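Report on the following structure.
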Amino acid sequence: MAENVPDEAFSSGEVNGSDGETPTLNQEKKHAAMLKHLADLNNARLQQSQSRKIETLSAPVFESVDLFLKGFSEIKQKIQKRIDEFHEETSPQEKTLLKSCLETLALDINGLEKLVAVNSYFLPSYEVRSAQNAIAELKDRLDNLNFQLLPKKKFTFKNKVTKKNPEAFQKPESAVRKMNDNNAVTLRKDNYCAPGFRNKEGMVLVNDLDASKDGDFALSDLVNCRIYLRGRLRALFIHRVKGCQVFAGPVMGSVLIESAENCVFMLASHQIRIHQTTNTDFYLRVRSRPIVEYTNGVRFAPYALYYRGIEEELQQSDLKDETGMWSNVDDFRWLRAVSSPNWSVLPEDDRLPLVDISDLKAEEDAVSGKQI
């Protein structure tokens, strides 16, 4: 005779001695749990986005280039990490939640853009352009993600531009050089439209500068050259140099170096940023912490340059005093508590002695370099 089975046994699945569930029921529960987890994740992101939006609207002005760059980098990395968390495999039931998550990411990127706008009044112009380029890259990655996950309704950012510029669609892709790594700062060629030395090899290049006339100066695509820049500058851009030695007077603003290899730089500036540089020595006097990113094998020592009038120029540029910041390097790609292995202090025995570039006539006569 069959035994009566309590109703509770049916509800709990305890029938015929089986403590498991049918495969179909098990899959449905797992799918429901996954959807709930995705919904919870979306709600948490919405709350975080709203919180960041409120913080952004309250105008968090850093009034320090170093603090802004650090804060900007942290927020950018968080957004990049969240973009990387998405996968292409999605079911139709998940598309609504995915769309909400992607729209939340778009709001976060817009918040980062507002952060740059709020702090742009004290940032060097090239830092603003670099931040804007990084934001543009985040937007591109998000657009691509939308295309992959939601191909029927591609999400795009709406720009507040009323008229389209036909030239923007005629520029070749080579007009913008992107780093191999998607997270790297992208630099446009118009950053280097300043006067300078370009496309030289095996030459001695000398220029006496006046900040009131020359302003910004650029060094680009140089190989095995010795460059001497006497006088003051507002900003110095260095791009794709290899086997070069650069000796420069005070820079009243910032120095940006990208793609340098086997070089020596002797620079005095209020700020210096170094990207994608290897096996290079820096002799610096700087008012803030030098920043390195995607860089390794670089060494640092104090500034050791002399020419007639440099002391007065250093004082006029507010760079007369040695701050010791040359050895306080900040590696933006190294977030661990231990010191970064990508840079080190140059041993005293390996350092150059004081370099006097007061009289360069002999070198100028040997090889004459012309400014482009």
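If you're wondering where the values come from, they're calculated on a predicted model, not measured in any experiment.
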Point to revise | Working for side chain to side chain contact (heavy atoms under 4.5 Å, CB included), residues Cys263 and Val246 | key: CA-CA 8 Å; Cys263 294; Val246 179; over 6 Å; no

Distance-only, no hydrogens or angles: does the [X] side chain make a donor-acceptor pair with backbone N or O of [Y] under 3.5 Å?
| X | Y | answer |
| --- | --- | --- |
| Arg289 | Asp66 | no |
| Arg287 | Asp318 | yes |
| Asp331 | Arg333 | yes |
| Ser317 | Gln315 | no |
| Arg285 | Lys320 | yes |
| Ser358 | Arg308 | yes |
| Ser344 | Pro341 | no |

Check your understanding: Going through the distances and angles, do Lys200 and Val241 end up as a side chain to side chain contact (heavy atoms under 4.5 Å, CB included)?
Key -> CA-CA 10 Å; Lys200 302 291 184 181; Val241 293; over 6 Å; no

Can you tell me how far apart [atom1] ([X]) and [atom2] ([Y]) are? Round to the nearest 0.5 Å.
| X | Y | atom1 | atom2 | value |
| --- | --- | --- | --- | --- |
| Tyr307 | Leu360 | OH | CG | 11.0 Å |
| Ser254 | Gln271 | OG | CD | 4.0 Å |
| Leu219 | Asn207 | CG | CG | 10.0 Å |
| Glu293 | Arg273 | CD | CZ | 6.0 Å |
| Phe265 | Thr280 | CZ | OG1 | 6.0 Å |
| Leu209 | Leu229 | CG | CG | 5.5 Å |

Practice item. Please answer: with hydrophobic residues joined when any side-chain heavy atoms are less than 4.5 Å apart, are Leu69 and Ile79 in the same cluster? Key: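 Linked, Leu69 and Ile79 end up in one cluster.
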
Check your understanding: Given the rule that I, L, V, M, F, W and Y join up when any side-chain heavy atoms are under 4.5 Å apart, are Val204 and Val223 in one cluster?
Key -> no

Exercise for review: Walk me through it: do Thr277 and Val292 pass the test side chain to side chain contact (heavy atoms under 4.5 Å, CB included)?
Suggested key: CA-CA 8 Å; Thr277 295; Val292 300; over 6 Å; no

pair [X]-[Y]: side-chain heavy atoms closer than 4.5 Å:
| X | Y | answer |
| --- | --- | --- |
| Tyr303 | Val286 | no |
| Arg82 | Thr104 | yes |
| His239 | Leu256 | no |
| Tyr294 | Asn296 | no |
| Val251 | His270 | no |
| Gln316 | Glu312 | yes |
| Trp326 | Pro302 | yes |
| Val206 | Arg230 | yes |

Exercise for review: Evaluate the ring planes of Phe300 and Trp343, with Trp represented by its six-membered ring, and classify them as parallel (under 30°), tilted (30 to 60°) or perpendicular (over 60°).
Suggested key: perpendicular

Check your understanding: Between Val255 and Leu267, what is the shortest heavy-atom contact and its length?
Key -> CG1-CD1, 4.0 Å

Thinking salt bridges, do [X] and [Y] make one under a 4.0 Å N-O criterion?
| X | Y | answer |
| --- | --- | --- |
| Asp330 | Lys70 | no |
| Arg299 | Asp350 | yes |
| Arg198 | Asp221 | no |

Review point. Can you check side chain to side chain contact (heavy atoms under 4.5 Å, CB included) on Glu113 and Ile109, steps first, answer last?
Key: CA-CA 6 Å; Glu113 196 168 28; Ile109 294 174; 5.8 Å; no

Review point. Quick one: are the ring centres of Phe217 and Phe197 less than 6.0 Å apart?
Key: yes

